[in-house]
Amino acid sequence: MAVLAMRDALNQALREEMKRDESVFLLGEDIGLYDGSFKVTRGLMKEFGEKRVLDTPIAEEIIIGTAIGAAMSGLRPVAEMMTVNFIMVAMDQVVNAAAHIRYMFGGGTKVPLVIRTPGGGGHQLGAQHSHSHENWFAHVPGLKVVAPGTPADAKGMLKSAIRDDNPVMFIENEGTYAVKGEVPDGEHLVPLDKNEVKRAGDDITICAHSRMLIVAMDAASELEKEGISAEIVDMRALRPLDMAPVIESVKKTSRLITVEEGWRSYGVGSEIASRVYEEAFDYLDAPVARIGAAEVPAPYNKRLEKIAFPGKADVVVTAKALLGKN
Amino acid sequence: MKVEQRPADSKSKEAFTDKASLLNLYREMLLIRRFEEKTAEMYQAAKIGGFCHLNIGEEATIVGTISALRPTDYVYSTYREHGHAIAKGIDPRAVMAELFGKETGTSHGRGGSMHLFSADRRFYGGYAIVGQALPIACGSAYAINYKGTDDVVMSSFGDGATNIGAFHESLNVAKLWHLPIVFVCVNNLYGMGTAVNRASAVTEIWKKACAYDMTSERVDGMDVLAVRRITDQLVAQAREEHEPSLLECVTYRYRGHSMSDPDTYRGKDEIKEWQTRDPILSLGEHMKKQKMLTNEEIERIDEEITAQVEDAVKFAEESPEPDPKDLYRDVYAGEGAA
């Protein structure tokens, strides 16, 4: 067990899978010679060569399209989209093609493809580089969507995603690449369809994924000082959405907060809340509270940006309000 | 629209002299013609639903290109692909069954007219978003290079697709990465109801490859021998030199864009004029002149093929519908519903 930054845990997963399976190759913008915008692919072109680490033009549609065709023809591509905002240019390939090909061709082929892409804001990058869109993909049958929040899960889920026979949207976060944590060496696989309790508690349940998992864990520590015991459920598996640990937790705490970095409307929290109302309505003592980004295009100004994205204080205040302790 | 004839086209008839090859091309084109005529009839009888786009008139382009391929070569096509699927070797029964939405269809009734597929025949699908399949076809070509086999990819699309970004992105990487791919533009002069000169700044589509320093050719898409002759060269170039190319086949669809097209944007005289250059009649006349075919033989072949198409319809009629319990099958590989 080593302590690794998130980006190095991802790098380790890629390296191990490329060594294990010749059919795994990487493609994307500046992932090779440049070592990747966020250095996740550092050193891999040097180690595996230009055929298996393919630098592409800045042309998102051809990146995803090439990956799909290669996947249908026996390879296991891992495509990097520099940020999730750029994938909009290639949405036809992701949704109309990758997600639907297997079904519309009657199961005659499969698309074992991983699309790695970071979302998230907080770096003063403005309205075209800062958003989170995992809910868009999680809406689509045929895609799997995961968004790990710890280095160990990042490694284990990326390895599982590469071995999966379906298109997997692997959502990273620009704000977590430097976050460190213990990562098991070698063969460490985390399933793509299992959410889990990351911190046990009794008074209130908080669901969060990706960078918001870290925010929620921080909030839980602060709440503990005030005598509030929060249970944190990591929603790393968004599609298929594993609700079991959430339902179980709500049955215990009777209160639920969802936290996501994207906009609340039609969001991840909306889906979680609906399912809790359907499956555990009688256990709730208060309406589900959803926390998300302010419904504006991300602003550049530092002060405005800070209030546009959710933080620890939002979670703490909301938790206390739900428990009537403000 | 008049099509300029290129000197190379006139030599095409010298290239193929053996009767067996010519007969195969003739039969294949006639099969597609009769299949599509029957498809129109079945659509009007409400046996076929959704959108339905016919290949009638384009047979020489389809057969001339696809007959140049090996069974292990890949073909990607569009929503107007019944003929391409048959030419790549898919049983017409399975194609008709798919149009009928039956479980025995190429895509088990999940795809329909626009989404035929066969992994065995390496017919890698009909795609219903204009220009979408070109980048995917590049992926298959990348995989060929990656694995070091000598297969070739043929990516077929209409003139309308050449105005889309995906077309240009695909030609760019095909040249950049030395992909073994032949891009075939079926220029039938209309993108739905919009004539090519109302949609494209450059109406001679082959010229668009110049931007990527890529081999490109324009051929009379009504002359199966001309199409085949040039395709042989381009396929060999892809297979042996890993050099991509763009082939523009100028052809015409006799019917509307789809079965629901009233065809008000072009004159009846234009359609009649193109029909005088019918690819099947032309090849038949050529073979008769060469004493390779008689009127009696032509009639007999037509009867055989008509019977084959009737058999495909019978098969489709008698095949089972998909079972409702299988609605969720194949949304994901390796598991049930999610």
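What's counted below: heavy atoms across the whole structure, side chains too, no hydrogens, waters or symmetry copies. A, B, ... follow the sequence lines: proteins, then strands. Residue 1 opens every chain.
Taking the six-membered ring where tryptophan is involved, the planes of H168(B) and Y212(B) are tilted, since the angle between them lies from 30° to 60°. Ring geometry for F117(B) versus Y124(B): interplanar angle of 30 to 60°, hence tilted.
Ring centers of Y79(B) and F51(B): at least 6.0 Å apart, outside the cut-off.
Between chain A and the residues A166(B), G112(B), A119(B), the most heavy-atom pairs under 4.5 angstrom are made by A166(B). Heavy-atom pairs under 4.5 Å with chain B peak, among T109(A), L75(A), V111(A), at L75(A). When each of D193(A), T66(A), L241(A) is checked for heavy-atom pairs under 4.5 Å with chain B, T66(A) comes out on top. Chain B forms the most heavy-atom pairs under 4.5 Å with one residue out of G108(A), G142(A), P112(A), and that residue is G142(A). The greatest number of non-hydrogen atom pairs below 4.5 Å with chain B, out of A70(A), S23(A), A71(A), is found for A70(A). Top candidate by heavy-atom pairs under 4.5 Å with chain B, chosen from M72(A), E61(A), Q93(A), R102(A), is R102(A).
Checking R110(B) against H115(B) by side-chain atom types alone, no donor-acceptor pair falls below 3.5 Å. With 3.5 Å as the limit, one finds a donor-acceptor pair spanning the side chains of Y76(B) and S140(B). Judged by distance alone, the side chains of T215(B) and Q237(B) do bring a donor and an acceptor atom under 3.5 Å apart.
Of the atoms belonging to Y74(B), it is side-chain heavy atoms, and not backbone ones, that fall under 4.5 Å from chain A. Both the backbone and the side chain of K51(A) come within less than 4.5 Å of a heavy atom in chain B. In this structure, chain B has heavy atoms under 4.5 Å from both the backbone and the side chain of T56(A). Neither the backbone nor the side chain of A137(B) comes within contact range of chain A; no heavy atom of the residue lies under 4.5 Å from a heavy atom of that chain. For I101(A), the part sitting under 4.5 Å from any heavy atom of chain B is the side chain, from C-beta outward, and nothing else. L116(B) touches chain A through its backbone: at least one of N, CA, C or O sits under 4.5 Å from a heavy atom, while the side chain does not. Residue D120(B) does not touch chain A at all, counting heavy-atom pairs closer than 4.5 Å.
The two residues S258(B) and H53(B) come nearest to each other via the heavy atoms CB-CD2, 3.6 Å.
Listed for the E98(B) side chain is a donor-acceptor partner under 3.5 Å among the backbone atoms of H108(B).
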